[in-house]
Amino acid sequence: MISRKIEEKLNAQVAREAASSQLYLAMASWAEVEGFEGVSEFLYRQSDEEREHMLKLIKFVNERGGSAIVPSLEQPPAKFTSMRSVFEDLLEHERGITNAINELVHITLEEKDYTTHRFLQWYVEEQLEEEALAQTILDKLKLIGEEKGGGLYMFDRDITSMSANPATDE
Ligand code: OFO
């Protein structure tokens with residue numbers, strides 16, 4: 001059984017995962033409209049993964065005697081200024097999520113809730129992978145340097161083969 005405090009904190013994380021899914025969906029849609037098929041495919045997949053992260057939390061909260069709250073959704077931006085800004089935003093966003101997960105882990109220790117603590121280790125691992133991937137992608141974009149042209153064409157082709165996340169492929 002989870003405490004009210006843990007329930008509330010986990011529900012806040014449900015909302016964050018939902019917001020991540022929405023944000024990446026908006027980015028995917030933008031990339032698709034801009035003609036970046038590979039990037040949009042990658043981001044649609046990321047958006048789906050975030051929804052999975054949300055579902056995993058919802059099920060955990062309910063199984064542990066709490067009640068998951070399905071959050072309302074805020075509209076993410078419809079336009080992005082460049083490919084680089086998309087992935088800068090993505091990395092920034094993931095860093096924020098990592099902080100939130102770390103804070104959650106900390107609270108489970110304070111509350112002596114070792115079951116939730118163990119459950120959250122999956123997210124700790126996931127964040128490590130997601131931040132590393134976002135950083136790798138950004139590094140590639142910095143190498144390309146140009147926002148248009150052949151480099152981006154290759155980038156769009158190559159990104160489809162980048163694994164979104166080994167931890168999620170389990
Ligand atoms: Fe759910 O890992 Fe990204 O946000």
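Read the numbers this way: they start at 1 and go in the same order the structure lists the ligands and their atoms. Hydrogens, waters and symmetry mates play no part in the numbers below; they use all other heavy atoms, side chains included.
Using modelled atom types and a 3.5 Å distance limit, the side chains of Gln13 and Glu17 yield a donor-acceptor pair. Using a 3.5 Å distance cut-off with no hydrogens or angles, the side chains of Ser21 and Ser47 do pair a donor with an acceptor.
Not one N or O of Glu126 is nearer than 3.5 Å to an N or O of ligand 1, by distance alone. Between Glu94 and ligand 1, an N or O atom pair is found at a separation short of 3.5 Å.
Counting heavy atoms closer than 4.0 Å to ligand 1, residue Gln127 contributes side-chain atoms (C-beta onward) but none from N, CA, C or O.
Comment: Arg4 does not engage Glu8 in a salt bridge, judged by the lack of any side-chain N to carboxylate O separation of less than 4.0 angstrom.
Within a 6.0 Å radius of CD in Glu74, no more than 12 heavy atoms belonging to other residues, nucleotides or ligands are found. Environment of CZ in Arg51: sparse, with no more than 12 heavy atoms of neighbouring residues, nucleotides or ligands closer than 6.0 Å.
Distances below 4.0 Å separate heavy atoms of Ser20 from the following atoms of ligand 1: 4 (O). Ligand 1 places these atoms under 4.0 Å from at least one heavy atom of Glu130: 2 (O), 3 (Fe), 4 (O).
Atom 1 (Fe) of ligand 1 lies closest to atom OE1 when only the N/O/S atoms of Glu17 are considered. Take the N/O/S atoms of His53: the one nearest atom 1 (Fe) of ligand 1 is ND1.
Taking the side chain as every heavy atom from C-beta outward, Val61 and Ser67 never approach each other to under 4.5 Å.
Between the choices Gln13, Glu49, Glu50, the shortest heavy-atom distance to atom 3 (Fe) of ligand 1 belongs to Glu50.
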